[in-house]
Number of protein chains: 2
Amino acid sequence: MVRQRPATSTDVARQAGVSQATVSIVLNGARGNIRVSEATRQRILTAAAALGYSPHPAAQALRRQRSGIIGFVPQQSPCLPPSIHPHRYLLGIYVARAATSRGYQVIEPSVKAEAVQSGAEQLQFFAGRRVDGIIYDRPQTAAEVRCLVDYGLPVVQLLRPQGTIGTATVTVDASPGITAAIDHLVGQGHRRIAFLGHGGAHSVERDRLHAFTTALARHGIAVPAERVYLARKYALEEGQTLTRTMLASRPWPTAIFAASDSLALGVLHALYEARIHVPDDLSLVSHDDVLAAQLYPPLTSVAQPFETVAERAVALIVEQVAGTSGRGAETAHVVLPTRLHVRRSTRPPRAGVRLDGKTG
Amino acid sequence: MVRQRPATSTDVARQAGVSQATVSIVLNGARGNIRVSEATRQRILTAAAALGYSPHPAAQALRRQRSGIIGFVPQQSPCLPPSIHPHRYLLGIYVARAATSRGYQVIEPSVKAEAVQSGAEQLQFFAGRRVDGIIYDRPQTAAEVRCLVDYGLPVVQLLRPQGTIGTATVTVDASPGITAAIDHLVGQGHRRIAFLGHGGAHSVERDRLHAFTTALARHGIAVPAERVYLARKYALEEGQTLTRTMLASRPWPTAIFAASDSLALGVLHALYEARIHVPDDLSLVSHDDVLAAQLYPPLTSVAQPFETVAERAVALIVEQVAGTSGRGAETAHVVLPTRLHVRRSTRPPRAGVRLDGKTG
DNA sequence: ATGAAAGCGCTAACAA
DNA sequence: TTGTTAGCGCTTTCAT
């Protein structure tokens with residue numbers, strides 16, 4: 001009933017009739033094979049198993065001068081509560097899993113809902129916790145990242161890196177997914193496809209539009225400027241407003257590509273208002289696939305491989321920490337492809353039906 | 001550029017011209033006031049600040065025999081990937097935040113997607129990590145909890161406790177929220193309100209139906225058995241199927257209360273199929289408010305106070321760990337009220353229009 | 001009011 | 001092939 005003191009390596013040593021140091025050597029594997037006779041090795045292993053021994057993490061951390069903790073900075077921008085934007089936390093969940101499966105822990109600065117933390121605050125938090133490295137999800141500014149890098153911590157930037165400040169990055173190439181989406185739509189017979197995206201300057205935003213245009217060009221379809229709608233941010237309201245504008249124009253597109261799920265949600269709202277049915281009247285494809293499966297109808301969407309992003313990021317940190325990789329890994333830049341998930345928001349345009357209400 | 005060794009308490013001591021032990025005493029506050037003169041106290045504080053000192057967590061943990069880590073077991077049942085059920089992870093996020101703000105960390109066993117971990121596996125994981133206590137979200141069986149309790153760890157069960165195995169619990173009283181929901185609907189003129197819930201034996205399920213019946217009874221409205229639809233689990237498909245059944249019956253209810261968001265989502269799908277508009281043709285209220293705000297239309301929903309649940313749970317653990325509370329807190333049972341969030345899925349029933357298609 | 005000293009459990013360098 | 005030893009940075013008891 002009452003917790004007994006967990007077994008220590010000294011307990012194991014006593015039980016196996018060897019010194020405590022030998023236990024440590026055997027249990028840490030390494031090139032120990034050469035050092036310890038197979039007989040004692042087995043005796044130690046048996047004793048350890050019998051006692052249910054597992055090394056004390058704090059003692060290891062203290063001695064090794066490595067905490068086994070990875071800092072994770074979640075995407076910070078529009079600081080909405082988790083209940084509204086659960087998918088904002090998806091990446092953090094995957095990072096935590098990947099880390100745990102490698103024997104690491106993850107810690108996040110406790111954001112006070114609205115407060116965006118400065119680089120200095122982050123550093124204080126992480127340095128105090130003695131983290132071994134930091135994974136930074138879509139940093140807002142280069143300064144906040146540099147803060148941590150300058151301190152000497154291994155940093156990996158995710159998805160929307162700030163320049164290359166000597167940190168590793170794990171990013172995504174939007175083009176495979178978007179190309180597949182366009183091929184899918186064009187294959188269904190769509191020709192007038194609108195792009196609803198973000199007008200920001202970061203290459204991530206520009207790349208989505210570029211992939212869109214390029215993919216259509218490959219089918220010999222040009223994208224007139226009036227078919228491109230640019231929002232100031234990825235937000236439901238922006239998607240809704242721009243869709244209303246779109247519906248005021250003629251001719252209507254037969255399909256819309258929304259460069260984020262939140263924009264697509266806004267599109268859905270505006271179409272519902274206007275009694276336009278998806279996909280019967282209009283097809284819709286979103287990007288990100290983070291909300292898409294749960295909407296009605298479930299959206300065809302381009303997914304970013306968050307799980308892999310997390311795994312690679314953790315791997316990069318672990319390599320750098322445990323690693324012989326003096327530099328090398330530090331400047332590693334992993335790029336992962338996106339994929340299309342076809343669901344129920346896309347179908348061939350209705351033949352012979354003009355969607356602006358007129359026939360012909 | 002290269003990380004310098006963080007300052008230790010010895011560094012602070014040297015700088016302040018005192019012994020390292022004195023530094024420790026001053027920095028740990030306690031009843032130290034009596035022990036250390038104000039002058040040295042100030043000198044130490046100044047030196048610590050100047051050096052940017054913060055104590056080494058591993059050293060503290062080792063010495064205090066307390067890791068500062070709380071184990072968290074997320075709800076395990078239908079093991080879907082996070083991308084499908086992000087809200088499954090909400091509570092974990094709040095727990096992590098509450099813990100961090102108290103200087104604790106949280107660790108979760110790394111579930112391999114489908115695998116449900118046994119109590120013994122959990123114990124091995126948590127004992128190995130030397131967690132100070134465990135927060136268990138909606139345990140499936142009493143055995144898995146007892147495993148941890150028997151080992152001697154403080155455990156808090158959340159939301160759907162397994163009996164009372166001598167653990168503390170933080171649960172929710174569904175009745176305030178459900179009563180408010182019924183008052184809201186009845187106030188709008190609804191009389192025929194269907195209940196779509198879970199037929200399980202756990203008190204949480206029974207309480208929701210009971211609160212529903214009681215609230216209606218207070219308005220003098222009885223709930224005939226045929227207006228109660230019970231699913232085998234909280235799942236979209238069940239909600240959809242039962243709603244179809246409901247639509248085959250006469251007369252239709254003017255409003256539906258769905259005992260979970262996933263059931264409500266199924267209702268929405270079925271209604272969409274049948275071209276029944278929410279809320280113009282039928283009002284809908286859900287329970288849980290975890291997906292409700294993101295659906296279309298945004299659902300009026302009864303919310304469970306997850307953030308508070310998390311905070312109280314962490315507080316209970318921390319008390320028991322740091323605590324003088326020999327027993328006392330161990331058997332604490334916190335019950336928190338639910339609340340109604342009114343959104344756009346409820347409105348007065350249409351006057352004079354029979355929803356079964358006939359007039360009168 | 002303060003300092004000295006003993007470990008917490010572990011790793012790693014050095015002896016034997 | 002194995003044991004001895006010296007800490008990692010901290011808290012706490014016991015002297016002074």
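Letters go in sequence order (proteins before strands), and every chain restarts at 1.
- Contact annotation: B:Ser9 side-chain N/O to D:dC10 OP1/OP2 distance is under 4.0 Å.
- Mapping B:Arg64 and B:Thr40 onto DNA chain C by nearest heavy atom places B:Thr40 at the nucleotide closer to the 5' end.
- The side chain of B:Ser19 contributes an N or O atom lying less than 4.0 Å from OP1 or OP2 of C:dG3.
- Rounded to whole Å, the distance from CD1 on B:Ile25 to C1' on C:dT2 is 8 Å.
- Between B:Thr100 and B:Gln105 the shortest side-chain heavy-atom distance does not fall below 4.5 Å.
- Atom-to-atom, CD of A:Gln65 to P of D:dG7 comes out at 14 Å; the value is rounded to the nearest Å.
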- Test side chain to side chain donor-acceptor pair (under 3.5 Å) on B:Gln122 and B:Tyr136 and set out the steps. CA-CA 11 Å; B:Gln122 311 264 28; B:Tyr136 218 122; 3.3 Å; yes
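- You'll find that the side chain of A:Ala21 is closest to D:dT5, out of D:dT2, D:dT5, D:dT11.
- A donor atom on one side chain and an acceptor atom on the other are found under 3.5 Å apart for A:Gln42 and A:Glu38.
- When the nucleotides D:dT11, D:dG9, C:dA12 are ranked by their closest atom to the side chain of B:Arg5, D:dG9 comes out on top.
- Of the candidate nucleotides D:dT5, D:dC8, D:dT1, D:dT1 has the atom nearest to the side chain of A:Ser37.
- Between B:Arg160 and B:Asp137, none of the side-chain N atoms (NZ, or NE/NH1/NH2) sits under 4.0 Å from a carboxylate O, so this pair counts as no salt bridge.
- When distances are taken from the side chain of B:Ala59 to each of D:dC10, D:dA6, D:dT11, the shortest belongs to D:dC10.
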- Message: Could you walk me through whether A:Thr167 and A:Gln157 satisfy the side chain to side chain donor-acceptor pair (under 3.5 Å) test, starting with their C-alpha distance in whole Å, then the side-chain angles of each, then the deciding distance to 0.1 Å, before giving a yes or no?
- Response: CA-CA 7 Å; A:Thr167 77; A:Gln157 297 186 73; 3.0 Å; yes
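- For the pair A:Leu62 CG and D:dA6 P, the interatomic distance rounds to 18 Å; values are reported in whole Å.
- B:His56 places its NE2 atom 7 Å from the P atom of D:dG9, with the value rounded to the nearest Å.
- Distances shorter than 4.0 Å separate none of the side-chain N or O atoms of B:Thr22 from OP1 or OP2 on C:dT2.
- Between the CZ atom of A:Arg14 and the P atom of D:dG3 there is a distance of 14 Å, given to the nearest Å.
- When distances run from any side-chain atom of B:Val36 to the nucleotides D:dC10, C:dT2, C:dC10, the shortest one goes to C:dT2.
- Distance from the side chain of B:Val18 is smallest to C:dG3 among C:dC10, C:dG3, C:dC8.
- In this structure, B:Ser24 reaches the bases: a heavy-atom distance under 4.0 Å links it to at least one base atom across the strands shown.
- Atom CG of A:Asn28 and atom P of C:dG9 are 17 Å apart (whole Å).
- Candidate nucleotides D:dC10, C:dT2, C:dC10 were compared by shortest atom distance to the side chain of B:Gln60, and D:dC10 ranks first.
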